[in-house]
2 protein chains.
Amino acid sequence: MPTRREQQRETTLETIKQVARAQMAHEGTAGLSLRGIARDMEVTAPALYRYYPSRDDLITALILDGFNALADAMIAADAAQPRPAYGERIYAIFCAYRDWALANPVDFQLIYGNPIPGFHAPAEVTVPAVVRGFIPMTEALTEAYAAAVLRPPAHFQHLPHTVDAFLRAFADSNGYPVPPEVFAVMAHAWTMTHGMVVLEMHRHTPSLLGDTTAFFQHQIKALCRELNLTVR
Amino acid sequence: MPTRREQQRETTLETIKQVARAQMAHEGTAGLSLRGIARDMEVTAPALYRYYPSRDDLITALILDGFNALADAMIAADAAQPRPAYGERIYAIFCAYRDWALANPVDFQLIYGNPIPGFHAPAEVTVPAVVRGFIPMTEALTEAYAAAVLRPPAHFQHLPHTVDAFLRAFADSNGYPVPPEVFAVMAHAWTMTHGMVVLEMHRHTPSLLGDTTAFFQHQIKALCRELNLTVR
DNA sequence: TGTAAACAGTAAACAGCGTAAACATTTCAG
DNA sequence: CTGAAATGTTTACGCTGTTTACTGTTTACA
């Protein structure tokens with residue numbers, strides 16, 4: 001059972017991240033400064049070093065939170081759909097990806113951009129969190145495929161042999177085998193979604209397309225139908 | 001005709017950018033520091049202010065160069081293809097986009113990411129350079145459509161009415177009318193390409209797909225064929 | 001050609017940053 | 001209650017972008 005001191009420490013660790021997020025939300029990812037956080041907390045800067053050994057460690061913690069929050073959003077969106085309704089699930093998951101990104105642009109840039117000078121999150125920390133976010137869409141697609149509802153167009157089945165070999169090896173090494181064509185479908189959908197989100201976030205598409213939300217939803221629905229999944 | 005001093009000034013302006021790029025290439029976009037550039041040029045930092053009024057102005061200049069270099073790469077790739085060969089042109093243009101990005105990751109992050117703290121390039125400077133890069137693919141697609149070679153699948157023709165209305169207004173306001181369905185195809189292709197490039201650059205896809213080059217080329221070719229364009 | 005203006009550079013300084021070391025205080029456990 | 005651990009402050013170092021004042025050099029014009 002945690003002592004009073006340990007509880008206090010835990011809340012301080014959380015407060016620091018909270019203030020950091022607030023600062024970034026206000027001034028962009030640039031606004032993250034230890035001294036700024038310390039000012040807001042009415043504490044001196046070196047005091048923060050009792051909690052995070054360096055600025056980069058704080059950022060790493062924020063990134064980890066970000067990946068998990070995004071994963072939570074997608075998992076929740078998936079869970080909210082009725083079963084089986086594979087198309088609705090897929091649609092909801094990718095909409096959740098975009099919605100979360102647009103609602104939390106700073107966190108999204110933190111995890112999927114490189115907004116912090118000279119910083120790259122250690123892979124051994126981020127990869128598990130990333131993988132967690134991919135579980136719902138992988139499951140939904142795999143189940144739909146197993147149920148013979150998802151029928152990928154031909155070109156997903158005739159992948160380049162290097163990719164096909166890699167995906168088969170990957171599926172075998174994993175305890176959770178995913179057919180290469182399903183994996184390819186997921187990569188395609190993710191790629192598309194991510195591209196739209198990133199370009200929209202950097203304000204490149206709104207001036208070209210007008211209603212980016214409608215366009216995005218239309219694109220995802222079109223993909224679902226191309227995969228023989230019914231949606232809406 | 002330029003005086004000796006003006007020539008000198010021009011080369012210094014260029015040298016500063018050159019050194020800046022070298023520093024970023026060496027230490028990531030974080031490595032961009034005026035004092036660092038000054039050190040490399042064996043000059044004091046304030047001297048640089050005679051050439052760029054601030055660090056952000058230097059970055060803006062670098063971004064402008066980046067957009068133009070990317071546009072040049074795509075234009076050159078397009079020009080190198082035989083005519084009409086619309087499929088080959090489209091394929092070459094998007095491959096050029098990816099190739100340039102992977103060959104110049106720092107510049108790419110500079111123009112399509114937000115790697116510099118607290119900095120966002122002024123739109124009135126970047127937009128024209130961005131538009132320039134889109135000319136070849138817009139032209140290739142529009143010509144292919146006019147020649148009835150490009151045949152977009154149905155969902156590109158039944159766009160959400162908000163998007164459709166916006167694209168029609170956009171085409172009308174422009175001197176260069178692009179049919180909405182062609183614009184939608186371009187947005188789709190760009191989105192896909194950009195998403196793959198960004199995810200690959202941040203090392204999210206290589207561990208999932210193995211041969212990302214093969215996968216990318218496969219994806220673009222599949223899209224071309226979906227559009228009734230022959231390629232390879 | 002002589003001179004005034006524009007240009008190019010330096011030195012010094014200011015404010016802000018991340019961080020390390022030394023020191024003081026608070027809080028808890030034996 | 002006492003000593004140790006946790007938490008905080010003070011001070012300092014070296015880095016950053018940027019401003020100011022001052023010095024030469026180059027150019028343009030009367």
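Atom set for the values below is all heavy atoms of this structure, side chains included, hydrogens, waters and symmetry mates excluded. In what follows, chains are A, B, ... by sequence order, proteins preceding strands, each numbered from 1.
Between B:I59 atom CD1 and D:dT16 atom P there is a gap of 14 Å when expressed in whole angstrom units. What separates CD of B:E6 from P of C:dA6 is a distance of 14 Å, to the nearest Å. The distance between atom OH of A:Y49 and atom P of D:dT11, rounded to the nearest whole Å, is 19 Å. As rounded to whole Å, 11 Å separates atom P of C:dA20 from atom CG of A:D56. Rounded to whole Å, the distance from CG on A:L32 to P on C:dT19 is 11 Å. Rounded to whole angstrom, the span from the CZ atom of B:R55 across to the C1' atom of D:dC15 amounts to 13 Å. In this structure, A:I37 places its CD1 atom 11 Å from P of C:dC17, rounding to the nearest Å. Between the CZ atom of B:R9 and the P atom of C:dA6 there is a distance of 14 Å, given to the nearest Å.
Using a 4.0 Å heavy-atom criterion, one finds that A:T44 contacts the bases of the nucleic acid, with or without backbone contacts as well. Backbone-only contact: B:S54 has heavy atoms under 4.0 Å from sugar-phosphate atoms and none from a base.
Counting only heavy atoms from C-beta on, B:L34 has its side chain closest to D:dG17 among D:dT10, C:dG9, D:dG17. For A:Y51, whose side chain is taken as the heavy atoms from C-beta onward, the closest listed nucleotide among C:dT10, D:dT11, D:dT7 is D:dT7.
Across every non-hydrogen atom of B:Y112 and A:H202, the tightest pair is O-CD2, 3.3 Å. Heavy atoms only, all atoms of each residue included: A:L209 and A:T212 are closest at CB-CG2, 4.4 Å.
Aromatic ring centres of A:F156 and A:F183 lie farther apart than the 6.0 Å criterion allows. Aromatic pair B:H194/B:F108: ring centres closer than 6.0 Å.
Each of B:R35 and B:R50 was assigned the nucleotide of DNA chain C with the nearest heavy atom; the assignment lying further toward the 5' end belongs to B:R50. For the pair A:R39 and A:P53, nearest-nucleotide mapping onto DNA chain C gives the more 5' position to A:R39.
Distance alone, capped at 3.5 Å, places no donor-acceptor pair between the B:Y97 side chain and the B:A73 backbone.
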